[in-house]
Amino acid sequence: MRWLTLYARSRQIPASLAAVLISALAVAVLAPDGGAGPGDPKLPVLVLAAGVMAASIGLSGQDLALDRTAAVRWVPRRAAHVLLAGAVVAAVLLTVQAVGEDMATTGFVVRDSAGLMGLAALGAALSGGQYAWTLPFAWLSFSFFAPPPTSTPMRVAGWMLLPPGTTEATWTATGLAVVGTLAYAVAGPRR
């Protein structure tokens with residue numbers, strides 16, 4: 001087998017990809033009208049978060065000691081893994097939207113996918129791959145039940161649901177993506 005095949009299998013990428021596809025298709029079938037109404041971001045954010053949480057399981061390998069002692073450079077591979085997972089999650093939602101009804105703009109999907117994947121990578125660096133899903137889930141839960149964002153701190157906290165082009169949301173998502181990807185690429189998943 002080639003190294004890429006072995007890497008994909010050790011990171012549970014086929015199972016994660018299947019979960020991402022199933023969740024996106026389930027939303028397309030169960031909510032063909034795009035959710036609660038036009039412009040409501042909750043449904044696309046839920047799809048993106050479910051995809052990121054499914055992909056986050058593969059942020060640690062089967063054997064952490066083997067990962068740490070391998071003769072290959074892990075920093076670029078880990079960074080590429082995070083970036084590729086975020087791109088796949090965004091692409092799946094955009095593909096489902098192309099077939100069905102538009103739920104969100106491309107800018108919204110890319111911003112939220114990058115921020116959520118950065119959160120998952122940060123979760124893997126802080127708590128390990130098996131618990132990497134907890135940070136995106138916790139932030140999503142807060143965003144869904146928080147009061148409407150009227151101040152800057154609340155707009156930062158509720159960045160996932162804000163429209164594209166909102167400065168606070170864009171900077172928060174970008175910061176989470178960069179910090180999470182760097183932390184995971186350099187430190188790897190916690191044991």
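Position 1 is the first residue of the sequence, and the numbers go up from there.
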Given side chains that start at C-beta, do those of Arg78 and Pro189 come closer than 4.5 Å, heavy atoms only? yes

If you compare all heavy atoms of [X] against all heavy atoms of [Y], which two are closest, and at what distance to 0.1 Å?
X      : Y      : result
Tyr184 : Ala121 : CB-O, 3.6 Å
Pro41  : Pro44  : O-CD, 3.3 Å
Ala132 : Ala120 : CB-O, 3.4 Å
Met53  : Pro136 : CG-CB, 4.3 Å

Donor-acceptor pair, side chain of Arg111 and main chain of Pro163, under 3.5 angstrom: yes

May I ask you to decide if Ala79's main-chain N or O and Thr181's side chain share a donor-acceptor pair within less than 3.5 Å? no

Under 4.5 Å between side-chain heavy atoms, hopping through other hydrophobics if needed: is there a path connecting [X] to [Y]?
X      : Y      : result
Leu94  : Leu21  : yes
Leu162 : Val45  : no
Val109 : Phe144 : yes
Leu126 : Trp139 : yes
Leu46  : Val92  : yes

Could you measure the distance from the [atom1] atom of [X] to the [atom2] atom of [Y]? Nearest 0.5 Å is fine.
X      : Y      : atom1 : atom2 : value
Ser113 : Met160 : OG    : CE    : 11.5 Å
Phe108 : Leu48  : CZ    : CG    : 7.0 Å
Gln97  : Thr106 : CD    : OG1   : 7.0 Å
Ser56  : Leu116 : OG    : CG    : 10.5 Å

Applying side chain to side chain contact (heavy atoms under 4.5 Å, CB included) between Leu119 and each of Leu140, Leu135, Val179, report the one that passes. Leu135

Under the side chain to side chain contact (heavy atoms under 4.5 Å, CB included) criterion, do Val52 and Trp133 qualify, and how do the steps go? CA-CA 8 Å; Val52 165; Trp133 61 271; over 6 Å; no

Under the side chain to side chain contact (heavy atoms under 4.5 Å, CB included) criterion, do Leu59 and Met117 qualify, and how do the steps go? CA-CA 11 Å; Leu59 292 178; Met117 201 62 220; 4.2 Å; yes

